[in-house]
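Heavy-atom basis, side chains included; hydrogens, waters and symmetry copies ignored.
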Amino acid sequence: MNLFKHKSEGFISQNFSFLDLDPVGAFIIKDDCSVLFWNSCLERWTGINREDILHKSILDFFPVLKNEKYSSRINSIFKGGPPVIFSSKFHKYLIPCPLGDGTFQTQQTMITSIQDEENDKVYALFTLQDLTDASRQVSKFKSIKTELAKKEKELQGTLDEVNRVNKELEQFAYVVSHDLKAPLRGINHLAEWIKEDLSENLSETTEKYLKKLQDRVYQLDQMIDGIFEYSMATGGSIEMQQVDLEMLFNEIKEELIDPTKFSIEFPDDLPKISSHRTKLKQIFSNLISNSIKHYEGIDGRIIILASEGKDFYEFIVKDNGPGIDPAYHEKIFQIFNIIPTKKDSKKNSTGIGLTIVKKLVNEFGGNIELDLEIGKGTCFKFTHRKF
């Protein structure tokens with residue numbers, strides 16, 4: 001079983017296994033019409049065992065679904081369309097279920113989209129109600145309604161718990177960022193006072209150790225800032241707005257770029273995209289800062305490129321710096337991993353910036369990768385899903 005099949009079945013079993021107990025027919029398909037779920041009720045109604053139909057095309061068993069009046073409305077579900085209802089009045093049934101006397105059930109069929117946000121997939125859930133016995137169907141509907149209300153209550157409880165944990169994490173990050181800085185400042189002051197007290201009697205070795213102590217204090221102070229920044233950057237919802245990329249890049253250019261040492265170039269025909277402006281700015285600011293931090297000369301050059309695809313935007317941020325050893329490729333986005341360079345920049349680095357970048361890119365439904373070629377600069381490529 002491949003990884004995607006495993007993930008899709010895991011998602012469905014965790015969220016929709018209760019449908020196997022309901023007195024309604026239910027099945028779930030992917031956008032290629034292969035069956036991922038076939039409940040026990042449909043096994044009884046149709047006589048088709050789930051082992052015989054799972055991972056096979058529903059169209060092979062019920063070719064009538066290929067008709068335009070059905071296929072077009074089913075396809076709309078995978079494009080984010082609203083639920084579709086095939087009423088018994090006009091369609092009689094979609095899935096024939098024999099009653100044993102030469103007749104078939106009278107059904108009403110509803111198709112609803114299922115969003116698997118973690119894997120960025122959409123499935124279609126078919127629910128078939130038997131209207132042959134109207135009084136019995138009323139009881140079934142009440143049962144379904146009760147189960148859905150229960151699931152909604154459980155989901156709300158889960159969301160409340162997530163919000164509570166997020167608030168606790170934000171409070172923790174605040175405490176770490178602010179309350180722990182006071183003793184760090186005290187350690188730094190003590191080191192300064194020791195140097196002043198010893199003055200001319202300060203040996204070269206002692207001065208070296210005190211310098212190392214202050215460097216470590218500074219590095220820890222930067223890491224605390226990074227933890228707070230990471231917490232704030234990866235929390236909260238994505239509130240979309242139209243972002244003018246040219247304006248955004250010029251803003252970053254004024255804030256970060258020293259024109260005597262660095263130049264930043266980007267095309268004139270940049271698109272305006274729907275995104276979270278602050279988080280998008282943080283992605284580009286961190287990538288550009290990374291280039292500046294590891295560059296040694298005075299003729300630094302950063303180029304930003306953008307292209308538009310069907311479902312994603314793709315961005316490239318590349319520089320003419322020394323590049324990064326491919327041996328560190330797997331570590332570059334890991335938190336607190338500081339990649340060694342010729343330039344002594346460790347004391348100004350926390351190893352969090354690129355971790356935040358990856359987290360935010362993933363939050364936008366995209367991916368980021370690193371193209372590395374020693375001596376020919378660093379090139380980051382990332383995608384941003386269209387919203």
Could you tell me whether the side chain of [X] and the main chain of [Y] form a donor-acceptor pair under 3.5 Å?
X	Y	result
Thr206	Leu202	no
Trp38	Ile48	yes
Thr109	Leu128	no

Take Glu43 and Arg50 through the test salt bridge (charged side-chain N to carboxylate O under 4.0 Å, His left out) and record every step on the way to the result. CA-CA 7 Å; Glu43 285 187 305; Arg50 69 182 68 188; 3.6 Å; yes
Is the shortest heavy-atom distance from the side chain of Cys379 to the side chain of Ile316 under 4.5 Å?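 Contact flag for Cys379/Ile316 side chains = yes.
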Sequence-distant partners of Phe86, ring-ring contact (aromatic ring centres under 6.0 Å, His included), two or more places apart: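 Scan of Phe86 (ring-ring contact (aromatic ring centres under 6.0 Å, His included), adjacent residues dropped) gives Tyr70, His91.
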Taking the ring centre of each residue, are Phe262 and Tyr295 less than 6.0 Å apart?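 So the answer is yes for these two rings.
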Look at atom OH of Tyr209 and say whether more than 12 heavy atoms of other residues, nucleotides or ligands are closer to it than 6.0 Å.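 Check fails, neighbour count at 12 or below.
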Report all side-chain donor-acceptor pairs from residues 150-158 shorter than 3.5 Å, counting only partners two or more places apart or in another chain.
{"residue": "Gln156", "atom": "NE2", "partner": "Asp160", "partner atom": "OD1", "Å": "3.0"}
{"residue": "Thr158", "atom": "OG1", "partner": "Glu154", "partner atom": "O", "Å": "3.0"}

Specify the closest pair of heavy atoms between Ile77 and Ala124, including all atoms of both residues, with the distance to one decimal.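 Shortest heavy-atom separation between Ile77 and Ala124 comes out as CG2-CB, 3.9 Å.
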Going by the angle between their ring planes, with limits at 30° and 60°, are Phe126 and Phe27 parallel, tilted or perpendicular?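 Judged by the thresholds at 30° and 60°, the geometry between Phe126 and Phe27 is parallel.
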Which value, rounded to the nearest 0.5 Å, describes the distance between Ser13 atom OG and Phe18 atom CZ?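 Those atoms lie 12.5 Å apart.
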Applying side-chain hydrogen bond (donor to acceptor under 3.5 Å, both in side chains), run through Glu117 and Gln115 and close with a yes or a no. CA-CA 6 Å; Glu117 297 180 353; Gln115 301 286 335; over 6 Å; no
Derivation of the side chain to side chain contact (heavy atoms under 4.5 Å, CB included) call for Val357 and Phe380: CA-CA 11 Å; Val357 168; Phe380 288 97; over 6 Å; no
In a check of side chain to side chain donor-acceptor pair (under 3.5 Å) between Arg277 and each of Gln282, Gln242, Glu251, which one passes?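 The single option meeting the side chain to side chain donor-acceptor pair (under 3.5 Å) with Arg277 is Glu251.
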Among residues at least two apart in sequence or on other chains, which ones pass side chain to side chain donor-acceptor pair (under 3.5 Å) with Thr103?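 Only Asp101 meet the side chain to side chain donor-acceptor pair (under 3.5 Å) criterion with Thr103.
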Quick one: do Arg301 and Glu265 make a salt bridge, cutoff under 4.0 Å?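 Salt bridge: yes.
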Qualifying residue, where the test is side-chain contact (heavy atoms from CB on, under 4.5 Å) with Leu287 and the options are Thr378, Val317, Asp319, Ile304: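 The single option meeting the side-chain contact (heavy atoms from CB on, under 4.5 Å) with Leu287 is Val317.
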